[in-house]
Engineer: 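Take a look at the following structure, please.
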Amino acid sequence: MNFFERVYEVVEKIPYGQVATYGQIGWMVSGAPHAARTVGWALNGLPEDRINEVPWWRVINAQGRISNSRARHGAAEQRRRLEEEGIIFDDTDRTDLSVYQWNGNTKEA
DNA sequence: CTTCTGACTGGGA
DNA sequence: GTCCCAGCCAGAA
């Protein structure tokens, strides 16, 4: 299993209405505290056919903001999807991680 | 093998 | 609060 696939699997486990940070994903898949960049890079290589099955839009940075400005789909679409899930954005386009951040557990919150 | 880059992060200005 | 700089991991050239 490649690092990419592991990232995708973890992202797929993010529950509806919740988000996870790149650093969090990185720690879960590789155990490295600073693998966040690699996670973003992995999602950057996310195949188009997996766009609909991997909730990449639930992955944001540690600041609670969207960093995918350079991504293909853009931050606008990501924000729109998150808002549809009930996630509220601040005036500075930030979310409250203390409320929406995924605890890493798929079974119980 | 070495070098570069990236949807990040944290600290300092 | 925002902006800029240096460091981290994993893959591609």
Side-chain angles (χ1 to χ4, degrees):
Chain A
M1 183 74 75
N2 290 332
F3 183 86
F4 285 36
E5 293 298 327
R6 278 183 284 182
V7 172
Y8 301 156
E9 287 195 6
V10 173
V11 174
E12 286 182 59
K13 291 175 183 173
I14 302 176
Y16 179 94
Q18 288 189 301
V19 297
T21 66
Y22 295 95
Q24 180 181 0
I25 303 291
W27 177 262
M28 292 173 71
V29 296
S30 69
H34 294 284
R37 301 202 66 153
T38 315
V39 174
W41 176 61
L43 288 177
N44 182 25
L46 181 68
E48 288 295 329
D49 61 314
R50 291 181 190 269
I51 289 292
N52 296 315
E53 53 183 284
V54 178
W56 55 269
W57 54 87
R58 294 180 189 153
V59 183
I60 59 180
N61 61 19
Q63 308 302 313
R65 304 170 89 180
I66 299 175
S67 303
N68 53 354
S69 305
R70 308 172 190 172
R72 310 180 180 126
H73 291 265
E77 181 175 343
Q78 179 169 11
R79 172 172 176 167
R80 184 180 62 76
R81 292 192 185 235
L82 290 176
E83 288 180 325
E84 288 186 18
E85 298 189 357
I87 296 178
I88 306 301
F89 279 81
D90 199 310
D91 291 339
T92 54
D93 297 317
R94 290 190 304 185
T95 64
D96 192 343
L97 289 177
S98 63
V99 177
Y100 302 114
Q101 185 170 31
W102 180 39
N103 58 5
N105 189 339
T106 56
K107 302 188 175 189
E108 184 279 335

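Chain letters run A, B, ... following the sequence lines, proteins first, then strands; residues in each count from 1. These numbers were taken from a predicted model, which means no experiment stands behind them.
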Engineer: Within the side chain of A:S30, is there an N or O that forms a donor-acceptor pair under 3.5 Å with the backbone of A:A32?
Structural biologist: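 Side chain of A:S30 to backbone of A:A32: a pair is present.
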
Engineer: Tell me: CD1 of A:I14 to C1' of B:dA7, nearest whole Å?
Structural biologist: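 About 13 Å, once rounded to whole Å.
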
Engineer: In whole Å, I'd like the distance from the CD atom of A:Q101 to the P atom of B:dC8.
Structural biologist: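 Those two atoms, CD and P, are 16 Å apart.
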
Engineer: Please tell me which of the listed nucleotides, C:dC8, B:dA7, C:dA10, lies nearest to the side chain of A:H34?
Structural biologist: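 Per side-chain heavy atoms of A:H34, the pick is C:dC8.
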
Engineer: Which whole-number value in Å describes the distance from A:R37 CZ to B:dG6 C1'?
Structural biologist: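 To the nearest whole Å, that distance equals 5 Å.
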
Engineer: Among the nucleotides B:dA7, C:dA10, B:dG10, which one has an atom lying closest to any side-chain atom of A:S30?
Structural biologist: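 It is C:dA10.
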
Engineer: Tell me whether the centres of the aromatic rings in A:W57 and A:H73 are closer together than 6.0 Å.
Structural biologist: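 For A:W57 and A:H73, the ring centres are not under 6.0 Å apart.
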
Engineer: Please pick, from C:dT2, C:dG11, B:dC8, the nucleotide with the shortest atom-to-atom distance to any side-chain atom of A:T92.
Structural biologist: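 Among the listed nucleotides, the one closest to the side chain of A:T92 is C:dT2.
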
Engineer: Given C:dT2, B:dT9, C:dC9, identify the nucleotide with an atom nearest to the side chain of A:R65.
Structural biologist: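 From the listed options, C:dT2 comes nearest.
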
Engineer: Between B:dG10, C:dG7, C:dA10, spot the one nearest the side chain of A:T38, thanks.
Structural biologist: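 Nearest listed nucleotide: C:dA10.
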
Engineer: With both distances under 3.5 angstrom, what nucleotide forms a Watson-Crick or G-U wobble pair with B:dG10?
Structural biologist: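 The answer is C:dC5, by the H-bond criterion.
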
Engineer: Using a cut-off of 4.0 Å on non-hydrogen atoms, how would the nucleic acid contact of A:R94 be classed: base, sugar-phosphate, or nothing?
Structural biologist: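 Sugar-phosphate: the residue A:R94, judged by heavy atoms under 4.0 Å, touches backbone atoms but no base.
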
Engineer: Could you give the CH2-to-C1' distance, from A:W41 to B:dA7, as a whole number of Å?
Structural biologist: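 Interatomic distance, CH2 of A:W41 to C1' of B:dA7: 13 Å.
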
Engineer: Could you tell me whether a side-chain N or O of A:Q101 sits under 3.5 Å from a main-chain N or O of A:V19, the two making a donor and an acceptor?
Structural biologist: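 Pair absent, no side-chain N/O of A:Q101 close to backbone of A:V19.
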
Engineer: For the side chain of A:W56, starting at C-beta, report the closest nucleotide among C:dT2, B:dA7, B:dG6.
Structural biologist: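 From the listed options, B:dA7 comes nearest.
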
Engineer: Using a cut-off of 4.0 Å on non-hydrogen atoms, how would the nucleic acid contact of A:N61 be classed: base, sugar-phosphate, or nothing?
Structural biologist: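 Result for A:N61 = sugar-phosphate.
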
Engineer: For A:Q24 and B:dG10, give me the distance from atom CD to atom C1', rounded to whole Å.
Structural biologist: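 These atoms are roughly 17 Å apart.
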
Engineer: What is the nucleic acid contact for A:F3, judged by heavy atoms within less than 4.0 Å: base, sugar-phosphate only, or nothing?
Structural biologist: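 Counting heavy atoms under 4.0 Å across all strands, the contact made by A:F3 is with sugar-phosphate only.
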
Engineer: Would you kindly give the CE-to-C1' distance between A:M28 and C:dC9, to the nearest whole Å?
Structural biologist: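 From A:M28 CE to C:dC9 C1': 17 Å.
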
Engineer: Please give, in whole Å, the distance from C:dG11 C1' to A:L46 CG?
Structural biologist: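 In whole Å, C:dG11 C1' and A:L46 CG are 16 Å from each other.
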
Engineer: So A:W41 and A:Y22, ring pair (Phe, Tyr, Trp, His ring centres under 6.0 Å) or not? Walk me through it.
Structural biologist: CA-CA 10 Å; A:W41 176 61; A:Y22 295 95; over 10 Å; no

Engineer: Report the distance from atom CD1 of A:I25 to atom P of B:dT9, rounded to the nearest whole Å.
Structural biologist: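 It is 11 Å, rounded to the nearest whole Å.
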
Engineer: Can A:R81 and A:E85 be counted as an ion pair, charged N to O under 4.0 angstrom?
Structural biologist: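 Between A:E85 and A:R81 there is no salt bridge, as every charged N stays at least 4.0 Å from the carboxylate O atoms.
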
